[in-house]
2 protein chains.
Amino acid sequence: MTPVAQALAACNLGDMDKPLETIIVDSILDAIADQRLRAGTKLGEQALSDLFRCNRAHVRRALATLTAYRVVDHLPNRGAFVATPTPQDARDIFQARRAIERVICRNAVNQATEQDIADLRSHLAQEAAAKGQGNRPAAVRLSRGFHVLLGRVGRNPVLSRYLEELTMQSSLIIGLYASAHGTLCAEDEHARLVDAIEARDPDAAQRLLDEHLRHIEAGIEFGDEAPPTDMLSAVLKRS
Amino acid sequence: MTPVAQALAACNLGDMDKPLETIIVDSILDAIADQRLRAGTKLGEQALSDLFRCNRAHVRRALATLTAYRVVDHLPNRGAFVATPTPQDARDIFQARRAIERVICRNAVNQATEQDIADLRSHLAQEAAAKGQGNRPAAVRLSRGFHVLLGRVGRNPVLSRYLEELTMQSSLIIGLYASAHGTLCAEDEHARLVDAIEARDPDAAQRLLDEHLRHIEAGIEFGDEAPPTDMLSAVLKRS
DNA sequence: TATTTTTGGATTGTTAACAATCTGTGTTAT
DNA sequence: ATAACACAGATTGTTAACAATCCAAAAATA
């Protein structure tokens, strides 16, 4: 079983009557968000079409979409690889997150229903549980999930979509550069953010979120040199 | 000659050794930005592959990319259409622009070189010229071009990319809902923005840009009802 | 006449075979 | 022993033929 197969194995293979391309794209995005697929991994067309029991054309289409999302790098005649953001990319991505989540956050303060706040709190509980059990993969996934959920509460699909892209890339960055300790969202920062939203205090919420993002970014250690490259990503130097 | 062919005719058909898919994508994006292609227009695969003298597979790939950019809506078994943003989409898009351009603008104040400022001023001159001649298509294109150029000066490729997407959709929106008069960026707003950047005054620049975007948005008239739909876009109601 | 059904053409979706390119291995020559 | 070269397997890129679906106009029915 290839590494890619392992990473994507326990996925959305239940048919669910959704278009095939969507299933492939979402499976790969999930795997990246959960850090089961790491930066630089090659996504071979054969491997994927075997995995999803489909035509290479479908895989090709899916890879084109992922390339447009900037989550996959496509090198002509060489193939598709999970993107490996450079340290500069990382800084740009986190600046973009601050710009976008700032507004998402204010929207959330204005528009959150009681149901939304309940959902957020229930998510917090899940995060705490995962951390309590020392279940790191789940903690990583839920940590991103909190931000995505907040995006939904903000009710601006354009901003949500960008945020999902950016958190995806943040997962790659953390996988590449995260120091072994720390790095995960301190969940009490999430909790205090929900408090501020419930209190309908936009300025506090915005400030908390901004600090939170700076903490995450600060927790990243840009080794002075190249990213910890495993064979494949050597090829991936951005032009 | 089909309407699509007319819109894309005078385009980047010079080969330029760039990958074919890129040429198709960029041609269509340019045509949308210039409002030669209007919302709801069908992008038939045959028509495009004839136009670009290429395989349908290439067209398909290009359309997948444009769909990922949210500039094209893909309806299964029916085809690809230039997206028709709803009034709610428009509000979301302009809010996103404010969130993003705010930061781009501060970046520009911090990082603009003398060359950058010269470029901006030269762009302003072109805008003035186009308006003076009453050349509306050129004025529309250059008006968007100013914002895109500002994005480049900000030197955050992530934000620039989102801005390019958003200004593209803004072109569609303006094409759909713009009242006949007004609506174009008042170029003196652009000019004053450049002044603020040259004066290295981030707060003034940010304020000017925010107001500028609100003016554009205010100039849009959301007819209470459906967008001015020409046959095809009737099919395009978002799910 | 108005509504439904049928039917033909056109368009999109799918598949498989073929061509071009790359990667790694093994050989040869210096 | 090292470097350049050549070959074979594997991977990506391209193309064309075929199948399924949709759309619009004509025919049939009420």
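Every chain is numbered from 1 and lettered A, B, ... according to where its sequence line falls, protein lines coming before strand lines.
Rounding to whole angstrom units, CZ of residue B/F81 and C1' of D/dC22 are separated by 11 Å. For the pair A/L75 CG and D/dG13 C1', the computed distance is 15 Å after rounding to whole Å. Taking atom NE2 of A/H58 as the reference point, atom C1' of C/dA16 lies 14 Å away to the nearest angstrom. The distance between atom CZ of A/R60 and atom P of C/dT14, rounded to the nearest whole Å, is 16 Å. Taking atom CD of residue B/Q46 and atom P of nucleotide C/dT12, one finds them 8 Å apart after rounding to whole Å. Taking atom CD1 of A/I24 as the reference point, atom P of C/dT14 lies 11 Å away to the nearest angstrom. The separation between B/N77 atom CG and D/dC23 atom P is 9 Å, rounded to whole Å.
Base contact: B/N55 has a heavy atom under 4.0 Å from a base atom.
Mapping A/R56 and A/R61 onto DNA chain C by nearest heavy atom places A/R61 closer to the 5' end of the strand. Two residues, B/E45 and A/P76, neighbour DNA chain C, and the one matched to the more 5' nucleotide by heavy-atom proximity is B/E45.
Judged by distance alone, the side chain of A/S171 and the main-chain N or O of A/Q35 form no donor-acceptor pair under 3.5 Å.
In this structure, B/H123 and B/F146 have tilted ring planes: the angle between them lies in the 30° to 60° band.
Between the side chains of B/D89 and B/T86, at least one donor N or O lies within less than 3.5 Å of an accepting N or O. In this structure, a donor-acceptor pair under 3.5 Å is present between the side chains of A/D116 and A/T113.
For the OP1/OP2 pair of D/dG13 and a distance below 4.0 Å, the side-chain nitrogens and oxygens of A/H74 include at least one atom meeting the criterion. Listed pair A/K42 / D/dT12 meets the phosphate criterion, a side-chain N or O lying under 4.0 Å from OP1 or OP2. Side-chain N/O atoms of A/R78 include one lying less than 4.0 angstrom from OP1 or OP2 on C/dT23.
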